[in-house]
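So that the names make sense, note that chain A is the first sequence line, chain B the second, and so on, each numbered from 1.
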2 protein chains.
Amino acid sequence: MKTLIKEKRTEMNITQEELSKKLKVSRQTVISLEKGKYKPSLVLAHKLAQTFGCTIEELFIFEGDENIE
Amino acid sequence: MKTLIKEKRTEMNITQEELSKKLKVSRQTVISLEKGKYKPSLVLAHKLAQTFGCTIEELFIFEGDENIE
DNA sequence: CATCTAAGTAAAGTATACTTTACGTTAAGT
DNA sequence: ACTTAACGTAAAGTATACTTTACTTAGATG
């Protein structure tokens, strides 16, 4: 699974810290998501998509059968 | 957060067990998701949406600021 | 050089998603 | 009455999402 979080955030001209405050998560969470260290929960994915004005499917690119981790 | 998993599954006329096999998760996971015991991971949500031929946003109804649990 | 901001790493802890196994219930068929 | 299918509950264990704290690094600016 790939994500466009970093791209969307920089397009929006906000810092990781600002994004983390909008989402009400820690800055570490934003860093880890952008770096692909783990996958967001469904609710967090939805908040991210809303923040960027797009759908979950536009923000995350799912590749052929992934593990459900 | 609400989900239409059960509705979509019964529309499709498949059992929980059949759905669990399509998704490659346990039957308990399907039961728990339908019953709202917990929220699916992003990848599982995507697989569910694909199975039902809809988007994640159509399958899950997000209500005003939820906890990110 | 000193300092500030933004981005990054690392590690330990908590919460929750998911699995596995086993047992209970209800409705339909024979 | 007995069996089978489908749905459900419960509990214990594992994996991972997320938090918190603390430290690092690179770039810009006084």
**Asked** Rounded to the nearest Å, what distance is computed from the NZ atom of residue Lys35(A) to the C1' atom of nucleotide dT16(D)?
**Response** 20 Å
**Message:** Within the structure provided, determine whether Met12(A) and Thr51(A) are in side-chain contact (heavy-atom separation under 4.5 Å).
**Reply:** yes
**Prompt:** From dA7(C), dT19(D), dT9(D), pick the nucleotide closest to the side chain of Val25(A)?
**Reply:** dT19(D)
**Asked** Given atom CG of Leu33(A) and atom C1' of dT16(D), what is their separation to the nearest angstrom?
**Response** 12 Å
**Asked** At under 4.0 Å, does any side-chain N or O of Lys39(A) touch on OP1 or OP2 of dT16(D)?
**Response** no
**Prompt:** Please give, in whole Å, the distance from dA6(C) P to Asn13(A) CG?
**Reply:** 12 Å
**Prompt:** Would Ser26(A) and Thr29(A) count as having a side-chain donor-acceptor pair, cut-off 3.5 Å?
**Reply:** yes
**Prompt:** For Ile14(A) and Lys22(A), which heavy atoms make the closest approach, and how far apart are they?
**Reply:** CD1-CE, 4.0 Å
**Message:** For a quick test of reading the model: is some side-chain N or O of Ser32(A) closer than 4.0 Å to OP1 or OP2 of dA17(D)?
**Reply:** no
**Item:** d(CD1, Ile14(B); P, dA5(D)) in whole Å
**Value:** 18 Å
**Length of the OH-P vector between Tyr38(A) and dA17(C), whole Å** = 14 Å
**Message:** When you compare the side chain of Ile56(A) with that of Leu42(B), does any pair of heavy atoms fall below 4.5 Å?
**Reply:** yes
**Message:** Can you see if the side chain of Arg9(B) gets near the phosphate of dA6(D) - specifically, an N or O under 4.0 Å from OP1 or OP2?
**Reply:** no
**Item:** Rounded interatomic separation in angstrom, taking NZ from Lys47(A) and P from dA17(D)
**Value:** 18 Å
**Request:** Would you mind telling me which of dC18(C), dG8(D), dA6(C) lies closest to the side-chain atoms of Thr15(A)?
**Result:** dA6(C)
**Request:** Find the distance Lys6(A):NZ to dA6(C):C1' and express it as a whole number of Å.
**Result:** 10 Å
**Message:** For the CG atom of Leu48(A) and the NZ atom of Lys8(A), what is their distance to the nearest 0.5 Å?
**Reply:** 11.5 Å
**Asked** Once you round it to whole Å, what is the distance between P of dT19(D) and CD of Glu17(A)?
**Response** 14 Å
**Fill in**
The reported gap from CD in Gln16(B) to CG in Leu33(B) (rounded to nearest 0.5 angstrom) is 10.0 Å
**Complete:** Protein heavy-atom contacts under 4.0 Å, written 5' to 3' over nucleotides 20-30 of chain C as B (base), S (sugar-phosphate only) or - (none), form the string BBB--------
**Request:** Would you confirm whether Glu17(A), through its side chain, and Arg27(A), through its main-chain N or O, come within 3.5 Å as a donor-acceptor pair?
**Result:** no
